[in-house]
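Counting starts at 1 for both ligands and their atoms, in listed order.
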Amino acid sequence: MLLELQENISLKSFNSFGFDVSARYFVELKSVEQFEALHQLIADCDLPVLIIGGGSNLILTNDLNQLVVVNRISGHSISEAEDGTLCVTAGAGEDWHTLVRWTLEQGCYGLENLSLIPGTVGAAPMQNIGAYGVELKDRMLSLEAFDLDTGEKQRFSCEECQFGYRDSVFKSRYPGRYLITSVTFSLSRTFKPVLHYGGLIGELEARGIESPGALQLSDLICETRNSKLPQPELIGNAGSFFKNPVIQTQQAEQLKERYPGLVSFADKPGYSKLAAGWLIDQLGWKGRREGDAGVYEKQALVLVNYGDASGQDILELAGDIQADVYTNFGVMLEIEPRCYP
Ligand code: FAD
Ligand code: NAP
């Protein structure tokens, strides 16, 4: 299958914020077999490369004088190890939520708390996606990637990905160097629900469900997410705009004396994680709007594009929020999505 190189393509429909910037060169990668041709193209173009999956974690601030590669590598399979563990391998271009639901329908459990996270399988390891008390690293076995510098194929174990809170070796140490082509998960035939997080138990009780099945739990999470988060097809956004800050517990306790309602959770020893949404909400930002850039009315952690906001507009609003949070709480919020160029 030949690669079709296109020029000056609008990326508006390729990023969930809906920023209308263009890519100088643009190509869709549909199979691993096309990689050799892609590697040659990268050498010929001699421009920086940006890989896009679903575009749901991107801030695009200007036209990109780059080669944009949209990953469409598809396919998924299950195999059973001797100890009964199920290994599921999926192509990097597969839609994440579709994969989650497919595993559950196969009686293959472990990904249910990660239901309805937008984007592709190949981007999930980038920031070690997480929700409702489960992170990708808890379920991932290994992944395969091409090193764009050398063209070599490489396998990474879960440990080698150096996963952290919304972090990985691909995000912090080697940004832009690897193209992830497939991810393998270690799942189970036995359903062990993870329910300790957020309001999950309360939501189940409210529905009179004592011990949920995996699809039931997935449905509940989808319902909860839909009630709190803006759907990118309707209002442009990239989910949580800031990471939850992890600070020393001593500082968190001092803050709690001044703000008794402060929402915090125990993290690694000596550290606490603050709910960034709570900090932003306290300062009155929820629902505020500057032009077409705004803070979502139901969730202060989500910045939204009401129409024609640019990446710059969103970053300016984010900068104002960061400054206000820092002045009042002494905590610097870190932006979660990836910013280009
Ligand atoms: P993209 O936005 O296309 O890319 C993100 C980064 O990964 C970029 O740096 C890109 O270059 C790189 N990349 C993409 N594909 C590859 C590849 N194959 N190889 C190498 N690099 C690659 N995140 C969470 O963790 N938890 C949540 O609960 C959550 N909820 C969200 C809710 C909403 C409404 C939205 C809009 C976003 C949410 N996110 C959440 C963020 C986002 O969905 C995830 O980060 C997701 O994994 C991004 O996938 P993507 O394919 O859209 O990545
Ligand atoms: P929520 O349940 O209202 O909780 C608010 C914050 O408190 C979350 O950010 C979560 O941190 C933290 N939290 C809640 N219960 C916790 C516990 N038992 N232990 C430790 N931390 C706890 O949050 P929400 O906005 O509705 O989101 C629900 C889940 O989906 C969260 O896990 C959130 O991370 C995830 N989500 C992520 C994105 C994104 O773009 N990254 C977007 C939407 C939702 P954590 O964020 O560390 O989990």
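- In terms of modelled atom types and a separation under 3.5 Å, the side chain of K171 and the main chain of R166 share a donor-acceptor contact.
- Contacts between Y165 and ligand 2 below 4.0 angstrom, taking non-hydrogen atoms only, involve the side chain exclusively.
- Remark: K298 is not positioned above the aromatic ring of Y296, lacking an NZ or CZ atom under 6.0 angstrom from the ring centre and at most 45 degrees off the axis.
- K273 counts as a contact of ligand 2, since one of its heavy atoms falls under 4.0 Å from the ligand.
- With hydrogens and angles left out, the side-chain atoms of T327 and D324 include no donor and acceptor closer than 3.5 Å.
- Distances from atom 42 (C) of ligand 2 to the protein include at least one heavy-atom value under 4.0 Å.
- Between P232 and ligand 1, not a single N/O pair is under 3.5 Å apart.
- Residue N237 has no nitrogen or oxygen atom sitting less than 3.5 Å from a nitrogen or oxygen atom of ligand 1, judged on distance alone.
- Among the atoms of E336, none of the N or O lies under 3.5 angstrom from an N or O of ligand 1.
- Within ligand 1, the atoms closer than 4.0 Å to a non-hydrogen atom of A131 are 28 (O), numbered from 1 in the order shown.
- Interface of R166 with ligand 1, defined as ligand atoms under 4.0 Å from a residue heavy atom, comprises 25 (O).
- Closest to atom 45 (O) of ligand 1, if we only count protein heavy atoms, is Q127 NE2, 2.9 Å.
- For ligand 1, the polar-atom distance check finds no N/O of I129 at less than 3.5 Å from any of the ligand's N/O atoms.
- Listed by atom number, the atoms of ligand 1 under 4.0 Å from R338 heavy atoms are 6 (C), 8 (C), 9 (O).
- With rounding to the nearest 0.5 Å, the separation of CD in E160 from CG in L143 is 9.0 Å.
- Ranked by closest heavy atom to atom 35 (C) of ligand 2, the top entry among S264, A131, A275, S240 is A131.
- Of the heavy atoms in L229, only side-chain atoms (C-beta onward) come closer than 4.0 Å to ligand 2.
- By the 3.5 Å distance cut-off applied to N or O atoms, G53 is counted among the residues near ligand 1.
- Here the straight-line distance linking atom CE of M140 with atom CG of N128 works out to 9.0 Å at 0.5 Å rounding.
- Counting atoms of ligand 1 from 1 in the listed order, those under 4.0 Å from a heavy atom of G119 are 49 (O), 50 (P), 51 (O), 52 (O).
- Heavy-atom proximity to T120, at under 4.0 Å, picks out these atoms of ligand 1: 49 (O), 50 (P), 51 (O).
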message = Using the rule given for ring-ring contact (aromatic ring centres under 6.0 Å, His included), can you reason through W96 versus F185, listing the C-alpha separation, both sets of side-chain angles and the distance that settles it, and then say yes or no?
response = CA-CA 12 Å; W96 174 261; F185 304 91; 5.7 Å; yes

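- Among protein heavy atoms, atom 43 (O) of ligand 1 sits closest to P118 O, 2.9 Å.
- Considering backbone and side-chain N/O of A92, none are found under 3.5 Å from N/O of ligand 1.
- Between G130, G122, S16, it is G130 that holds the heavy atom closest to atom 26 (N) of ligand 1.
- Counting protein heavy atoms only, atom 28 (O) of ligand 1 is closest to R225 NH1, 3.0 Å.
- Of all atoms in ligand 1, numbered sequentially from 1 with element shown, those under 4.0 Å from a heavy atom of I52 are 3 (O).
- For atom 4 (O) of ligand 2, no protein heavy-atom neighbour is found at a distance under 4.0 Å.
- Near G55, the atoms of ligand 1 lying under 4.0 angstrom from a non-hydrogen atom of the residue are 1 (P), 2 (O), 3 (O), 50 (P), 52 (O).
- Using a 4.0 Å cut-off between charged side-chain N and carboxylate O, R207 and E223 make a salt bridge.
- S16 and N237 share no donor-acceptor pair across their side chains, judged by distance under 3.5 Å alone.
- By heavy-atom distance, the residue among R225, K228, R166 lying nearest atom 33 (C) of ligand 2 is R166.
- Side-chain contact between I52 and N71: absent, with no pair of heavy atoms (C-beta onward) separated by less than 4.5 Å.
- In this model, a donor atom of one side chain and an acceptor atom of the other lie less than 3.5 Å apart for T249 and S272.
- Side-chain N/O atoms of E336 and Q127 include a donor and acceptor closer than 3.5 Å.
- Every atom of ligand 1 with a heavy atom of L58 under 4.0 Å away is listed here by number and element: 2 (O), 4 (O), 8 (C).
- One option in Y197, W278, F241 has a heavy atom closer to atom 19 (N) of ligand 2 than any other, and that option is Y197.
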